[in-house]
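Below you'll find the structure, written out as structure tokens, and then a few comments.
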Amino acid sequence: MNKYCKLCASNVTQRWFECRMLASRALRLVGKRAISTSVCLRGGHGVAKVEDYTLPAYFDRRENPLPDIRYVQNLSPVQASLKEKEKGAWAALSADEKIALYRISFHQSFAEMNQESAEWKSVVAGIFFLMGLTGLLVLWQRKYVYGPVPHTLDPEYKQKELQRMLDMRMNPVEGFSANWDYENKQWKK
Amino acid sequence: MYRFAKAAVNLTGQAARQARHGSTAPPDFHQKYGNGLMVGGLVFCTAVWGYVLTQTGITWNLSPIGKVMPKPWREPEE
């Protein structure tokens, strides 16, 4: 007797193979993972092992409101009985039962998945902390790397330097000496 | 168009009556500690940099304009 193997996509006689497609039970499959454990033997070769990432996955995404599978795959007995009850009249379900059914099918509600987080606070805190660490680095550098401050930066030397710059009339129009009042020997207000 | 108008008139305001209850989800790490961490980080940063800028002896060579008074510089020639 000939059977058509959907996986191998060919007609193979029943005597040569045993092809079980659990996934072909379509009605039972709504919301469940299609775990095809079929082993189509054809010339001694098997089918590659089905990897987890190749199966339909669950995502909470705004743009994909109805994921391919239910969130809860393995139902507890309570949940299984609730699913049976769901097959009847929905008016018979209480509000809590409806919510329980929702939580079986979905992980986060739209309100939950869209809500903003306070993560930015931790990020900003991290920024400040790392800036502080940089300050410590600069401190270490000052102590262990820099040499002594040159004598040309002593306050007295700078005062003399300032007088010399003013005597030379450095940048008298708009720059340095323009700020000095030569009449009254003080800085311009 | 007529159907749209009919539906609009039919609006019982059920959506508008959705009450805001707020989230009952337990606070996550950021909600619990975010503010404290931010303040702590800011304090740490300002403390370290305040010390580095003022107390370590780093010379900034800021402009003397308005701050420094000049002093005679000529040495008597031999």
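The chains referred to below are lettered A, B, ... by the order of the sequence lines, with proteins before strands, and numbering in each begins at 1.
- A/F110 belongs to a hydrophobic cluster whose remaining members, ordered by chain and number, are A/M113; membership requires side-chain heavy atoms of ILVMFWY residues under 4.5 Å apart, directly or through intermediates.
- Across B/V68, B/I65, B/I58, the residue that shares the most heavy-atom pairs under 4.5 angstrom with chain A is B/I65.
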Give each N or O donor-acceptor pair spanning chain B and chain A at a distance under 3.5 Å, with atom names and distance to 0.1 Å, or state none.
from	atom 1	to	atom 2	distance (Å)
B/H30	ND1	A/S122	OG	2.7
B/N35	OD1	A/K121	NZ	3.2
B/W49	NE1	A/M131	O	2.9
B/T56	O	A/R142	NE	3.0
B/N61	OD1	A/K158	NZ	2.9
B/V68	O	A/W187	NE1	2.9
B/M69	O	A/Q159	NE2	3.1
B/K71	N	A/Q159	O	3.3
B/W73	NE1	A/D167	OD2	2.8

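- Minimum interatomic distance between B/F44 and A/F129 (heavy atoms only, all atoms of both residues): CE2-O, 3.6 Å.
- If you measure heavy-atom distances from A/L136 to chain B, the contacts under 4.5 Å come from both the backbone and the side chain.
- In the hydrophobic cluster analysis, where Ile, Leu, Val, Met, Phe, Trp and Tyr join through side-chain heavy atoms closer than 4.5 angstrom, A/I99 is grouped apart from A/F106.
- A single hydrophobic cluster is seen to contain both A/L162 and A/M170, as judged by linkage of ILVMFWY side chains at heavy-atom distances under 4.5 Å, directly or through other members.
- A/F128 is linked by a ring-ring contact (aromatic ring centres under 6.0 Å, His included) to nothing, counting only residues two or more places apart in sequence or in another chain.
- Only the backbone of B/P72 comes within contact range of chain A, with heavy atoms under 4.5 Å apart.
- Hydrophobic clustering keeps B/L42 apart from B/L53 (ILVMFWY residues linked when any side-chain heavy atoms are closer than 4.5 Å, directly or through intermediates).
- The greatest number of non-hydrogen atom pairs below 4.5 Å with chain A, out of B/G57, B/P70, B/P64, is found for B/P70.
- Note: the hydrophobic cluster containing A/L166 also contains B/M69 (ILVMFWY, side chain heavy atoms under 4.5 Å, direct or indirect links).
- Hydrophobic cluster membership is shared by A/I69 and A/L75, with clusters built from Ile, Leu, Val, Met, Phe, Trp and Tyr side chains linked at under 4.5 angstrom.
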